[in-house]
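This report concerns only the one structure given below.
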Amino acid sequence: MCAGDDKNCPDFEMHHRQFKETLDRERRSFLRSSFAAAGGAAAMTAGGISLVTPKMAAAAEKHQPAQRAYHHLPANADTVHWGYFSKSLKPRVEINSGDFITIEALTHHANDDAERMVKGDPGVESVYLWTKEKKGVNRRGAGPMDASLFGRGAGEGLGVHICTGPVFVRGAEEGDVLELRIIDVAPRPSANPKYSGKAFGSNAAASWGFHYKDLLTEPKPREVVTIYEVDATGERNWARAVYNFTWTPQTDPFGVVHKTIDYPGVPVDHSTVKENHGILKNVRIPVRPHFGVIGLAPKEAEFVDSIPPSYTGGNIDNWRIGKGATMYYPVAVEGGLLSVGDSHASQGDSELCGTAIECSLNGTFQIILHKKADLAGTALEALDYPMLETQDEWLVHGFSYANYLSELGSSAQTEIYKKSSVDLALRDAFRKMRKFLMTTKKLTEDEAISLISLGVDFGVTQVVDGNWGVHAVIRKDIFAGGDS
């Protein structure tokens, strides 16, 4: 019987429509059941020591309604902004502190294999729509709309991530802190009936990768895209490579030729590339779904490139920002204006070749507002960077420039790509960890420096996002020797 995949079937249209309706129902049912399985609000209490003390939690509850609501923000051409943050964006949903929300996040690399990652999915198709006459989402990046800089397209690709949102948190003001608890993360299944039960992602070893000018074999240079398969049912916790291909010049529907991967969402014509199957044999990539981009709108500029991370978060690209983790973000504008994107099935520290397994995901979050007036003397007082908490660890994120938009002046969004280094990011991570230990744990500077050298692990978060990142990790059980 036709399952919506046989175009020769006389009832193909009806069967295909039924398949998509069933897929959509299953997707929503899965998200709700995953939330329920997590135990709802009761699942939010972090194990061990938490930055949010009972007193802070009680203060935050005063700003929450008695009944917490659940929201769902789908990803489509009307709910996403592509390649930038902006303090002027119209909110796509308003929520109260304490509410739960499921946000759908789409990868900006889906057109590397539209057959697997776009076809049959109405939301994705609306975002990626691109004909000779129009684009579903025209602006892609923070650059000029007339493409007067490079001629690539509207927004010039100066920022590449598809961001769903923004979410307006009622009562949030500059100086406050948003606590974002990640309840659940799940892959978005392929809507193509040929690939039922599977999800796919793309890894581009691209021109902005750390490796690009250090290749051994010909042709040099080259950009290589590898397509990975992920089990969308959750039964298999690893990804496998399906095939790869070397990027060839691609002509977009408007007639612009892209010799390199220089503009997001360009449809790849697979008749122009050679697919190499049977690659990475017997290799299983551990799946650890997470969001490369979760951030609030900064106040310093009207349109901000989504690539360099900064003090309000954004493109941090830390694989630990997944299910069970909690992020803390300083609020810079009214409502915070939270957006989510750049979803990944897996990534290693450094994201060395330029990308992760770029794979569409759905995330369920609880968002809690901590007012500035309630933070005096707490671990979140004067927080001016994105901080990560897991059940066992605290992580601070250091960048080459902690707030590059402020530090580098009017040309910051250009200069940041010229000035970043691991050395600068390491120093910023050290300074933030020192401050964290001195304020949160009330250590002297000498105590903090000794502990950092002995008990803190520094890692390279990423070296591909303009504003390079180093994270510093300290285990909570280090402080288990007495009262914290």
Side-chain angles (χ1 to χ4, degrees), residues 23 27 75 80 82 103-121 123-125 127-128 160-164 185-192 194-206 208-209 223-245 247 261 264-268 270 273 275-277 279-280 283-294 315 317-319 321-323 340-363 462 464-465:
L23 181 71
R27 180 182 293 142
V80 305
W82 198 327
I103 301 176
E104 299 179 5
L106 304 182
T107 174
H108 51 292
H109 282 271
N111 254 352
D112 290 345
D113 190 330
E115 181 80 8
R116 287 174 167 86
M117 291 185 275
V118 178
K119 186 177 180 180
D121 190 318
V124 185
E125 288 178 337
V127 172
Y128 276 90
V160 297
H161 308 100
I162 299 173
C163 300
T164 307
V185 184
R188 188 184 187 98
S190 174
N192 188 331
K194 289 171 59 177
Y195 305 108
S196 178
K198 300 176 180 178
F200 296 90
S202 172
N203 170 247
W208 59 89
E223 294 179 304
V224 176
V225 175
T226 304
I227 302 300
Y228 285 86
E229 177 189 301
V230 176
D231 179 13
T233 69
E235 294 181 1
R236 193 179 70 212
N237 64 353
W238 46 270
R240 71 174 187 91
V242 182
Y243 69 91
N244 68 14
F245 64 86
W247 182 273
I261 305 172
V266 172
V268 173
H270 279 253
V273 300
E275 295 183 5
N276 304 300
H277 291 257
I279 62 170
L280 288 172
V283 173
R284 294 181 175 184
I285 308 296
V287 169
R288 40 193 187 193
H290 62 280
F291 297 95
V293 170
I294 304 178
N315 191 30
D317 278 334
N318 188 335
W319 62 263
I321 305 177
K323 181 177 179 178
V340 177
D342 193 28
S343 42
H344 298 163
S346 194
Q347 180 203 303
D349 282 339
S350 85
E351 201 181 18
L352 187 135
C353 80
T355 63
I357 298 182
E358 310 288 332
C359 175
S360 298
L361 302 174
N362 299 317
Q462 52 75 24
V464 295
D465 294 338

Identify the heavy atoms of [X] and [Y] that sit nearest to each other, and give their distance.
X      : Y      : answer
Val160 : Pro264 : O-CB, 3.7 Å
Gly209 : Val464 : CA-CG1, 4.1 Å
Ala105 : Phe291 : CB-CE2, 3.9 Å
Ile261 : Trp208 : O-CZ3, 3.3 Å
Pro189 : Ala199 : CA-CB, 4.4 Å

| field | Test ring-ring contact (aromatic ring centres under 6.0 Å, His included) applied to Tyr128 and Trp82, step by step | value | CA-CA 11 Å; Tyr128 276 90; Trp82 198 327; 5.4 Å; yes
Drop me the distance from [X]'s [atom1] to [Y]'s [atom2], to the nearest 0.5 angstrom.
X      : Y      : atom1 : atom2 : value
Ile279 : Tyr228 : CD1   : OH    : 6.0 Å
Arg240 : Ile285 : CZ    : CD1   : 12.0 Å
Asn318 : Gln462 : CG    : CD    : 10.0 Å

Short question: side chain of [X], backbone of [Y] - any donor-acceptor pair under 3.5 Å?
X      : Y      : answer
Asn203 : Ala356 : yes
Asn362 : Ala186 : no
Thr164 : Glu104 : yes
Ser346 : Pro286 : yes
Asp342 : His161 : no
His290 : Arg288 : yes
Glu125 : Gly123 : no

Would you say [X] and [Y] make side-chain contact, with heavy atoms under 4.5 Å?
X      : Y      : answer
Val273 : Trp247 : no
Arg188 : Asp121 : yes
Lys194 : Glu115 : yes
Phe200 : Asp113 : no
Cys163 : Val293 : yes

| query | What's the verdict on side-chain contact (heavy atoms from CB on, under 4.5 Å) for Ile227 and Met117, showing C-alpha distance, side-chain angles and the deciding distance? | reply | CA-CA 10 Å; Ile227 302 300; Met117 291 185 275; 4.2 Å; yes
| Residue that, paired with Glu229, satisfies salt bridge (charged side-chain N to carboxylate O under 4.0 Å, His left out) out of Arg284, Arg236, Arg116 | Arg236
| Looking at Asp112, Thr355, Thr107, which one forms a side chain to side chain donor-acceptor pair (under 3.5 Å) with Ser202? |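 When side chain to side chain donor-acceptor pair (under 3.5 Å) is applied between Ser202 and each of Asp112, Thr355, Thr107, only Asp112 qualifies.
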| Can Val118 and Asn111 be said to form a side-chain contact (heavy atoms from CB on, under 4.5 Å), step by step? | CA-CA 7 Å; Val118 178; Asn111 254 352; 3.9 Å; yes
| task | With side-chain contact (heavy atoms from CB on, under 4.5 Å) as the test, would you mind laying out the steps for Glu351 and Asp465 before giving the verdict? | result | CA-CA 9 Å; Glu351 201 181 18; Asp465 294 338; 4.1 Å; yes
| query | Where do Asp317 and His344 land on the side-chain contact (heavy atoms from CB on, under 4.5 Å) test, with the steps shown first? | reply | CA-CA 9 Å; Asp317 278 334; His344 298 163; 3.0 Å; yes
